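What you see below is based on every heavy atom in this structure, not just the backbone, and it leaves out hydrogens, waters and symmetry mates. The shown structure was predicted, so the numbers you read here are calculated from the model rather than taken from an experiment. Below, chain A is the first sequence line, B the second, and so on; all start at residue 1.
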2 protein chains.
Amino acid sequence: MEGRISADLLRGHTDTIVLGILLKNDAYGYQIYKSIMDRTDGLYQLKEATLYSSYKRLEKEACIVAYWGDESQGGRRKYYRITDKGRIQYKQNIADWEFTQRILNRLLKEEDN
Amino acid sequence: MEGRISADLLRGHTDTIVLGILLKNDAYGYQIYKSIMDRTDGLYQLKEATLYSSYKRLEKEACIVAYWGDESQGGRRKYYRITDKGRIQYKQNIADWEFTQRILNRLLKEEDN
DNA sequence: TCAATTACTTTGTCTGTCATAGTATTTTAT
DNA sequence: ATAAAATACTATGACAGACAAAGTAATTGA
């Protein structure tokens, strides 16, 4: 694997990653984007557009809420806060992911190679 | 997780699963379908249509080749055999998947919960 | 003999990611 | 002081894999 995870393997994890970051602190869109780049040394190359559509989706599902930051210093920043529903969703997503890993391991690793 | 892995988490693994099954023996389409159902107790619910489009894709990429089985006993069965290119692709897919898991773990598990 | 299962195929829909493009402000370099 | 780069957000359309739904036809089982 050279540097770039395929869109198909990323798929379905974006919302979980966003919720995971917001668990600790509120954050604004671009900050979340940078945070993912930093924490994975640029290996997990989610695109800005992908994240912004994730925010929109999560907001619609009431998993996060948005508010504009204090614009007195610096440019406008739209912050997101996780909701109780978002926390529940996060736990569910992690459980789903672990379940999927277990099943995939059963299918792919158990016997051959 | 109650019984059904979301399409988004399945995404990108279908070809790998098919190749993994064909590593051991040639198999025909419906047999592969049943095999996945059996080996995961029906938890990994790939649909027939999904698998058939995977076969088509893998054939086009020369990762598998198809041949009609001996129709003298029973109905027609289209068998698939993995190619050398398919074996290489399989290893690459597994590597990609493990890489992705590592990155995701770094993002999702390291710090919080 | 009639229903269920096996076995394969096709068509169209949905949705998350991406490419591309754009606006506007702030920071950095020259 | 000014131009370039980085920050920050948004919108639009394309793409591709998984799915729903439907269908054909032969075989098996009750």
* **Base of dT15(C) paired with side chain of Arg11(A) (donor-acceptor, under 3.5 Å)** => yes
Of all heavy-atom pairs linking Leu22(A) and Ala27(A), the shortest is CD2-N, 3.6 Å
Heavy atoms of Tyr80(A) and Glu59(A) approach each other most closely as CE2-OE1, 4.2 Å
Tell me the interatomic distance from [X], atom [atom1], to [N], atom [atom2], rounded to whole angstroms.
X	N	atom1	atom2	answer
Lys34(B)	dT5(C)	NZ	C1'	8 Å
Tyr80(B)	dA7(C)	OH	P	13 Å
Ile17(A)	dG16(C)	CD1	P	15 Å
Asp15(A)	dT17(C)	CG	C1'	12 Å
Ile36(A)	dC18(C)	CD1	P	11 Å
Glu48(A)	dA11(D)	CD	C1'	13 Å
His13(A)	dC18(C)	NE2	P	12 Å
Ile5(B)	dA18(D)	CD1	C1'	13 Å

To the nearest 0.5 Å, atom CZ of Arg87(B) lies from atom NZ of Lys91(B) at 9.0 Å
Looking at Asp8(A) and Arg11(A), is any side-chain nitrogen of the basic one under 4.0 Å from a carboxylate oxygen of the acidic one? no
Look at [X] and [N] and indicate whether a side-chain polar atom (N or O) is within less than 4.0 Å of OP1 or OP2.
X	N	answer
Thr50(B)	dG17(D)	no
Arg77(A)	dT26(C)	no
Tyr28(A)	dA8(D)	yes
Lys56(A)	dT10(D)	no
Tyr30(B)	dC8(C)	no
Arg76(B)	dT9(C)	no

Heavy-atom nearest nucleotide on DNA chain D taken for Ala7(B) and for Gly29(A); more 5' hit belongs to Gly29(A)
When we call it a touch if two heavy atoms are under 4.0 Å apart, what does [X] touch: a base, just sugar-phosphate, or nothing?
X	answer
Thr14(A)	sugar-phosphate
Gln31(A)	nothing
Tyr33(B)	nothing

Residue [X], side-chain atoms from C-beta onward, closest of [options]:
X	options	value
Lys78(B)	dT9(C), dT10(D), dA21(D)	dT9(C)
Trp68(A)	dC8(C), dA21(D), dT10(D)	dT10(D)
Asp8(A)	dC18(C), dA18(D), dG17(D)	dG17(D)
Tyr52(A)	dA8(D), dG17(D), dG16(C)	dA8(D)

Q: Given side chain to side chain donor-acceptor pair (under 3.5 Å), test Asn93(B) with Gln89(B) step by step and report yes or no.
A: CA-CA 6 Å; Asn93(B) 289 1; Gln89(B) 188 63 58; 2.8 Å; yes
task = Classify the ring geometry between Tyr55(A) and Tyr52(A) as parallel (under 30°), tilted (30 to 60°) or perpendicular (over 60°).
result = perpendicular
